[in-house]
Amino acid sequence: MRLPALRPVGIVYRKEMLDLLRDRRTLFGLILLPILLYPALLAGLSQVLLHQIGRIERQEFLVAITGWQDLPDLPNVLQDSEARWRIHRAGRPEAGDLRRDLAAGRHHVLIEVPPNAARDVAAGGSVELRVLYNGANEDSLAAWRRLVPVLDRLRQQWVQRRLRDLAVDAALLEPIRVEGEDQATASQRGAFHLGRLICVMLVMMAATGAFYPAVDMASGEKERGTMQTLLVTPALRSEIVLGKYLAVLTLCLTTALLNLASMGLTFSSVLLPAELARAGSLAFAPTPGSIAVMLLVLLPLAGFLCAVCLGLSAYASTYKEAMLFLSPFLFVAVLGAMAPVIPGLQPTAGFQLIPVANGALVLYAVLQGTAGVGTVALNVAVNVLYALLALRWTAWIFEREDVLLRGAVEVDWRFWRRPAGPSRTHPSAAEGVAYLLVVIAGVTFAGQWLQGEPLVSLLVVTQAGAFFLPLLVMLRLGRIGARPALGLSFPGWTNLLVAVLTASGVFVLSLTLLHLLVSLLPGFWADLERQVKPIEEALARAGPAEWVGLAALLVLGAPLCEELAFRGFLLGALRPAVGTAMAVVLTGGLFGLLHPPMPRPLVLGAVGACFALMAVRTGSLWPAVAAHVVNNGLTVFLNAIARAGGPEGEAGLEGLPGLAGGPDMQAAMGGLALGVTVLGLLLLRSPSPGSAPGHPSSN
Amino acid sequence: MILADRLTKVFDDRKRGPVAAVGGLSFACPAGSVFSLLGPNGAGKTTALRMLATLLTPTAGSARILGHDVRGAPHEVRRLIGFVSGDTRLYDRLTPRETVRYFARLYGLDRATIRARTDALFERFGLGPFADTLVQRLSAGTRQKVSLARALVHDPPVLIVDEPTVGLDILVARAVLDLLADCRREGKTILLSTHVMAEAERLSDTVGILHRGRLLACGTQAAIRAAAGAATLEEAFFALVRRDEQAGG
């Protein structure tokens, strides 16, 4: 097969651009809207904001005072203040009615003066003024905020009077005066405050910019019946995908850049109302250098968004279905885009692995001038990798005749009484994703509900409730044969033995990798210890019987459940949908993500991929189960040895191989473990030529 | 020559399990002749044509177009065929000229050839007045002519046409059939699927009767009529289909 050529890619690209630019919806939604949106929004919003600020400044607040005769200074201080107060002087018997009036909004605040307040204060005592306000009423809250400095002034007057009477200098009470001085320039403040909004909007608009063209070019083309016209030409599917992808990327970047330009102009002093600019001392003036770096960060991020949108759209058979598939992705992407809004988030190496959020946060750091070359380079590298993976998946979708030529996905609501017939050999991708979501929800909720409960309870509930029961329900409802779908056929004793030996290599390799990552990213060590500690402590505290139960759950129960879920159901569901290689990567990655904190997901992702390869190569789940049992068994066993052999504080992961010894020793062990792993994986073979569709051997 | 050898396509149906849309279809269509696949809706005609046009991969069996295997050399096959079906529609927001040029470029034609071929096809199909009108404003008949022009722009030796007159009025349908007859006279090999007997009778050298994915009969019109003991192709078709249904096929 020949490689994709540039000419057909360019032809498809030009046609797609022409087609889209003739669509009024594209022009309006992706080009005109961003140009007009921000000036109109900000001009409108700032006018409304300034109007409201002015209104509140001019507003007369209604304050009721009961027992005012006992503190005559209070009405005077109120009248002397800058704010406008309308004072209702009332007697104490009216207090009940006034409270009701406050709740009804007829007064903004109610001050209750205790009896003989002035006399008690004059005598050197202390009285309590009760100020009642309505925290659910904007005006009442504003009145309360205005009242606080006024009452403070009254308090200071009394303090001054007392000090005068005592002939004490007021400076005695204020040995230190604090004067804060903001050293940030207006543009730095602008980048700090406005930058959040700008980066969030930029990423959101990039996602939105990818959405419509992707839907139009893939599922729209299917629905309009033009996809087959294109597919019968000699253009390679990869050339068609690249042409379409570049067109989506062009529109996505155009939308994002128009947004950036429009926002930049809107937020710059040209369009920013003078009062607002003065009030906040803000200016938005990013340097050309920072704009260039932002573009560099934006490009792969947009590339990833476009590839996923195009792939999802190609997977859908109709426009409506594409909206259904893309909306959740857009929602997740928007959540990721909100990263700059979360205070204190830093683009650490671990955070950089989170798609979309990584780009949004690095864009913000670039705008603030705090992103180093390494941060930007890592971000670009990660997002380029994500974009390439997503593009490969999209190209693979375009190779699939059953996806490209199928009708709309049909839901049979009578599935529970489906007529008896041959059971299915593997679950669908949708069923796989649904099961994964159920597992994630189950694990999360079990963790929340059983917080503080014994570890045994948590393990039993999680394994039985979150993994096993949903699996049984999915198999039953979907009429899916457990044996072929989960790969339950016996792989032969040789494969099991090889899997066990390979697992020892995988185990040492995983510890070496973990050690390497922790030494590179020492900040993660505390999180890691926090996660592992409860298990270690539970094992240490347990009596012999409980220890055996816990160890059985950790060494046998967890591997069985997790393998049934990830290398069984999920792998079987994803392989026909995304291909074996991507299914191995995905199940590994998802398995890793279920094992926080960083850097465990990275290490366990790789371990999960190794287990998936074992299942794929043998066409059976059992080698993966055996390997997982060995992995967990070694962890528990070595933990027990470490505890028995050393003092309390030295037990734990530090005592395990791969984390001990010098760098040379670790490198040697890592190399040896890698060799054992690779050799073991190569030695695994399917015992029978005909394997089940869900778990066919790669041979 | 188009050669199908036990061509089979099985779809995995969620409710019914594996369903053979086409089972063991074998026929030969010599170069320069017209082979018509006749069959009712759901007989497997479109699936068979899609396999020959490389849009679907056969589950079993093989097919060759001018010596190129549809499974092993799909790109070579695509260069040799023009495919028109109800599912090969046109881009609404392009004009006929832009449409034909776009596909001509994808077939790797140079600029001068594209211009010459486009002008010739537009003149032949009477598309000149509509050449620069957006496709979305064209009538169904004109669109079908543009589709044929699109399929013929690279001058393919083989034309695969699925139900070419569906939805067309009698005048346009006649014009489309005339165009196909012209293509045959030019020496093109044509594989036609239809359920309109008159079309098959007018154009075909050989005919295959397809029912429930299986070929019930294959041969010249005279041979089919003789085999069914019928006077016309239509009567032969009904007799063969009825016989198959009675046999529980």
Side-chain angles (χ1 to χ4, degrees), chain A residues 1-2 5 7-12 14-16 18-26 216-217 220-237 239-240 243 399-402 404-406 409-412 414-415 418-419 421-426 428 478-479 576 693, chain B residues 9 11-18 46-47 49-59 72-95 98-99 101-109 134-136 143 146-147 150-151 153-154 156 160 162:
Chain A
M1 164 134 355
R2 67 179 171 89
R7 190 168 181 267
V9 173
I11 293 167
V12 174
R14 277 199 299 276
K15 179 260 152 192
E16 295 297 350
L18 177 68
D19 200 359
L20 270 175
L21 290 175
R22 281 201 181 141
D23 186 4
R24 282 184 204 155
R25 288 169 299 184
T26 313
D216 190 73
M217 278 183 220
E221 181 143 11
K222 277 192 203 177
E223 192 166 346
R224 291 190 295 270
T226 52
M227 185 62 94
Q228 290 187 42
T229 321
L230 186 57
L231 296 180
V232 288
T233 66
L236 296 178
R237 302 291 160 90
E239 290 165 347
I240 294 171
E399 299 282 350
R400 293 276 306 272
E401 64 179 41
D402 58 328
L404 285 182
L405 305 181
R406 73 175 163 86
V409 174
E410 174 196 359
V411 178
D412 182 5
R414 294 167 302 164
F415 56 81
R418 192 170 287 156
S423 60
R424 289 151 61 208
T425 53
H426 61 85
S428 67
R479 286 190 58 79
Chain B
K9 184 68 186 179
F11 292 109
D12 193 14
D13 188 273
R14 238 180 116 84
K15 287 179 192 164
R16 294 180 290 167
T46 301
T47 302
L49 262 53
R50 280 180 175 179
M51 282 191 279
L52 291 162
T54 73
L55 286 169
L56 291 175
T57 310
T59 313
H75 294 99
E76 284 70 17
V77 170
R78 283 174 204 157
R79 285 189 185 285
L80 296 172
I81 62 166
F83 180 57
V84 181
S85 88
D87 294 318
T88 54
R89 294 191 201 143
L90 303 168
Y91 297 104
D92 281 346
R93 297 191 290 261
L94 297 190
T95 65
E98 287 164 346
T99 303
R101 275 186 190 164
Y102 173 52
F103 286 96
R105 285 192 194 115
L106 286 175
Y107 280 102
L109 303 189
L134 289 184
V135 165
Q136 63 191 1
R143 283 184 200 205
V146 177
S147 275
R150 187 269 307 158
V153 70
H154 56 298
I160 300 175
D162 185 17

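The structure displayed is predicted, hence computed values, not measured ones.
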Check A:Arg22, A:Arg14, A:Lys15 against B:Glu98 for a salt bridge (charged side-chain N to carboxylate O under 4.0 Å, His left out) and give me the one that passes.
A:Arg22
In terms of heavy-atom pairs under 4.5 Å with chain A, which of [options] leads?
options                             : answer
B:Tyr107, B:Tyr91, B:Phe83          : B:Tyr91
B:Arg101, B:Arg79, B:His154         : B:Arg79
B:Leu134, B:Val77, B:Thr54, B:Leu56 : B:Leu56

What part of B:Leu90 gets closer than 4.5 Å to chain A, counting heavy atoms only: side chain, backbone, both or neither?
backbone
What are the two closest non-hydrogen atoms of B:Arg93 and A:Asp216, and how far apart are they?
NH2-OD2, 2.9 Å
Heavy-atom closest pair (A:Arg7 atom, B:Leu109 atom, distance to 0.1 Å) is NH2-O, 3.5 Å
State, with a plain yes or no, whether a side-chain heavy atom of A:Val12 is found less than 4.5 Å away from one of B:Tyr102.
yes
Is any side-chain heavy atom of B:Leu55 closer than 4.5 Å to one of A:Val232?
yes
A:Leu231, A:Leu230, A:Asp19: which one forms the most heavy-atom pairs within less than 4.5 Å of chain B?
A:Asp19
Output the option from A:Met227, A:Gln228, A:Glu239 having the highest count of non-hydrogen pairs under 4.5 Å with chain B.
A:Gln228
Applying side-chain contact (heavy atoms from CB on, under 4.5 Å), run through B:His75 and A:Leu236 and close with a yes or a no.
CA-CA 8 Å; B:His75 294 99; A:Leu236 296 178; 2.8 Å; yes
Does any donor atom in the side chain of B:Thr57 or A:Glu401 lie under 3.5 Å from an acceptor atom in the other side chain?
yes
In terms of heavy-atom proximity below 4.5 Å to chain B, should A:Glu221 be classed as side chain, backbone, both, or neither?
side chain
For side-chain contact (heavy atoms from CB on, under 4.5 Å), just list the numbers for B:Leu94 and A:Leu18, CA-CA rounded to whole Å, side-chain angles, deciding distance to a tenth of an Å, and then say yes or no.
CA-CA 8 Å; B:Leu94 297 190; A:Leu18 177 68; 3.7 Å; yes
